[in-house]
Amino acid sequence: MAHTTTIMLLGSGELGREFTISAKRLGARVIACDAYEQAPAMQVADAAEVFPMLDGEKLREAVHSHRPDHIVPEVEAIRTEVLAELEAEGFDVIPSARAAQLTMNRDAIRDLASGELGLVTSRYRYAESIEEVREAAAHTGFPCVIKPVMSSSGKGQSKVDDTDGLVSAWDHACANMRGDRARVIVEQFIDFDYEITLLTVRHAGGITFCDPIGHRQERGDYRESWQPAVMSERALADAQAMAAKVVEALEGEGRGHGLFGVEFFVRGDQVIFSELSPRPHDTGMVTSISQNLSEFDLHARAVMGLPIFGDEPAIPAASAVILADRDSTDFAFEGVADALGLGPDVDLRIFGKPTTRPFRRMGVALAVGEDTDTARALACEAARKVRIAYRD
Ligand SMILES: Nc1ncnc2c1ncn2[C@@H]1O[C@H](COP(=O)(O)OP(=O)(O)OP(=O)(O)O)[C@@H](O)[C@H]1O
Ligand SMILES: NCC(=O)N[C@@H]1O[C@H](COP(=O)([O-])[O-])[C@@H](O)[C@H]1O
Ligand SMILES: [Mg+2]
């Protein structure tokens, strides 16, 4: 009997919104979940459920009531023990409950990558008190980077130049961590030449890679990304081999299918593994303009078990973020016409988040160009033209 694929999306931000559009184009029904109403993906989904993704009871209840064919995590902070239970009951968690569990905790994924798989990473140590932070920093040396083991988008992260900075970095991490575990990773600061995200798709036909995406981060959060990033053949081959290894290791009891954003630092020909998302990556929003099938289309195909033929060559393109700078519940976007008026090589995605806060990502400008430098300049110019007009 014909059957409509139902997908339950856990987290409904900008990445989920684009994924929902891709999945719906292929005939899926999408139920978007997040902690607040009118989240970006909810505005384009078939149905919505509002509850905190860390509330295990509510999560179980929502899954049991909708009985989705696929459960697609969109944020990192999810009650992952419940995902493991649901997987054991026969639900398909994308890419697997193991992947969600390991990547939610920096210590778990780092132990796997560095310890079990032997990938090159920065020197690191964990700490659960200021005394342990001091010992860890003595091990990594200065400068070092301190991050809560549970956080994303740079929350609670600081770069520390000498022992004087350790107390405030520890306090900042504790104040901005997620969950109830006061635990940080202290990492050697890598003075990289550039950093990349390697979108890696694991699907029924095997593993395929997108062209590498270069990006620039501020405060641990991305500001601009571009594709294809120039890399030596050797560095690219090493990054691909490391990405394939870590992605394979995340399969667990699930199918392990989906798109992953694998992050690397590159210094000369040396490739250093940083972390990965078992889902579309924010820096990968550029693929909405650079690739025939975007990272969202590829994730939707991999989730739904649909054909993926191989590499998706990118044309030179870039993305630049549009950030809010204060709290507001009543605002509008100005300058959209000016941004789009820059020419046919420019496009925008306005996410439709119902409220702003300082540094919250509200939209992204996209551009193509003769080369990535031209595309970057154009995307940044377009992003600057879009302004948020606050009315409260
Ligand atoms: N050890 C390091 N050395 C140099 N730079 C680093 C290091 N760790 C992090 N950074 C910088 O901070 C950025 C964010 O770090 P990371 O990806 O670990 O944070 P995150 O909170 O997981 O972000 P997201 O969830 O958006 O991926 C990196 O992309 C890089 O620019
Ligand atoms: N680096 C992870 C990332 O970019 N995640 C994206 O941001 C949303 C949360 O945004 P918000 O904090 O503005 O609600 C998430 O739902 C996801 O789409
Ligand atoms: Mg990251």
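Positions are given from 1 along the sequence. Order of listing sets the numbers, starting from 1, for every ligand and every atom in it. In what follows, every heavy atom counts, from backbone to side chain, and hydrogens, waters and symmetry copies are set aside.
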Is there a heavy atom in [X] that sits closer than 4.0 Å to ligand 1?
X	result
Y124	no
F192	yes
R216	no

For the pair [X] (side chain) and [Y] (backbone), establish whether a donor and an acceptor sit closer than 3.5 Å, ignoring hydrogens and angles.
X	Y	value
R202	R255	yes
Q227	D211	yes
S12	C33	yes

Among the N, O or S atoms that E275 has, which is closest to the Mg ion (ligand 3)?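 Relative to the Mg ion (ligand 3), the closest nitrogen, oxygen or sulfur of E275 carries the name OE2.
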For the residue pair F264 and F273, categorise the inter-ring angle as parallel (less than 30°), tilted (30 to 60°) or perpendicular (more than 60°).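 Perpendicular, since the angle between the ring planes exceeds 60°.
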Classify the ring geometry between F331 and F333 as parallel (under 30°), tilted (30 to 60°) or perpendicular (over 60°).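 Ring orientation, 0 to 90° scale: perpendicular.
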Checking a contact table here: which protein heavy atom is nearest [atom], and how many Å away?
atom	value
atom 7 (C) of ligand 1	F265 CZ, 3.6 Å
atom 27 (O) of ligand 1	E275 OE2, 2.8 Å
atom 3 (N) of ligand 1	I190 N, 2.9 Å
atom 8 (N) of ligand 1	K147 NZ, 3.0 Å
atom 28 (C) of ligand 1	E195 OE1, 3.4 Å

Between S288 and S294, does a side-chain hydrogen bond (donor to acceptor under 3.5 Å, both in side chains) hold up when you go through it step by step? CA-CA 5 Å; S288 294; S294 70; 5.0 Å; no
Select one of side chain, backbone, both or neither to describe which atoms of L15 lie under 4.0 Å from any atom of ligand 2, heavy atoms only.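 For L15, the contact with ligand 2 is made by both the backbone and the side chain.
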Using a distance-only test with no angle check, is there a side-chain donor-acceptor pair under 3.5 angstrom linking [X] and [Y]?
X	Y	result
Y390	D325	yes
E187	S122	yes
Q270	R267	yes

Any Lys/Arg nitrogen of [X] or [Y] sitting under 4.0 Å from an Asp/Glu carboxylate oxygen of the other?
X	Y	result
R326	D392	yes
K385	E334	no
R106	E275	yes

Do any N/O atoms on D34 end up under 3.5 angstrom from N/O atoms on ligand 2?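 Such a contact does not occur with ligand 2.
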Please confirm whether V75 comes within less than 3.5 Å of ligand 2 when only nitrogen or oxygen atoms on both sides are compared.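 No, since none of the N or O atoms of V75 sits under 3.5 Å from an N or O of ligand 2.
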May I ask you to list the atoms of ligand 2 that are less than 4.0 angstrom from any heavy atom of E14?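 Ligand 2 atoms under the 4.0 Å threshold to E14: 7 (O), 8 (C), 10 (O), 18 (O).
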Going by heavy-atom distance to [atom], choose the closest among [options].
atom	options	answer
atom 12 (O) of ligand 1	Q157, M150, K155, R123	Q157
atom 20 (P) of ligand 1	Q217, E76, R106	R106
atom 17 (C) of ligand 2	K155, E74, R357	E74
atom 14 (C) of ligand 1	G220, S151, G261	G220
atom 10 (O) of ligand 2	M362, R361, K353, R360	K353

For [X], counting its heavy atoms only, list the atoms of ligand 1 lying under 4.0 Å from any of them.
X	answer
G154	20 (P), 21 (O), 23 (O)
E187	1 (N), 2 (C), 8 (N)
S152	21 (O), 25 (O)
S153	20 (P), 21 (O), 23 (O), 24 (P), 25 (O), 26 (O)
F189	3 (N), 4 (C), 5 (N)

Less than 4.0 Å is my threshold; does some heavy atom of S153 fall inside it relative to ligand 2?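 So S153 counts as touching ligand 2.
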Centroid-to-centroid, F19 to H299, below 6.0 Å?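 Judged by ring-centre distance (under 6.0 Å), F19 and H299 do meet the cut-off.
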So for ligand 1, is H215 a polar contact partner (N or O within less than 3.5 Å, distance only)?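 Min N/O separation from ligand 1 is not below 3.5 Å for H215.
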Within reach of ligand 1, part of K159 (heavy-atom separation under 4.0 Å):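 No part of K159 is near ligand 1 at this cut-off.
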To check you understand the geometry: which heavy-atom pair defines the closest contact between S274 and R110, and what is its length?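 Closest heavy-atom pair between S274 and R110: O-NH2, 3.5 Å.
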Which atoms form the tightest heavy-atom contact between D46 and A28, and what is the distance?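 Here D46 and A28 meet closest at OD2-O, 4.1 Å.
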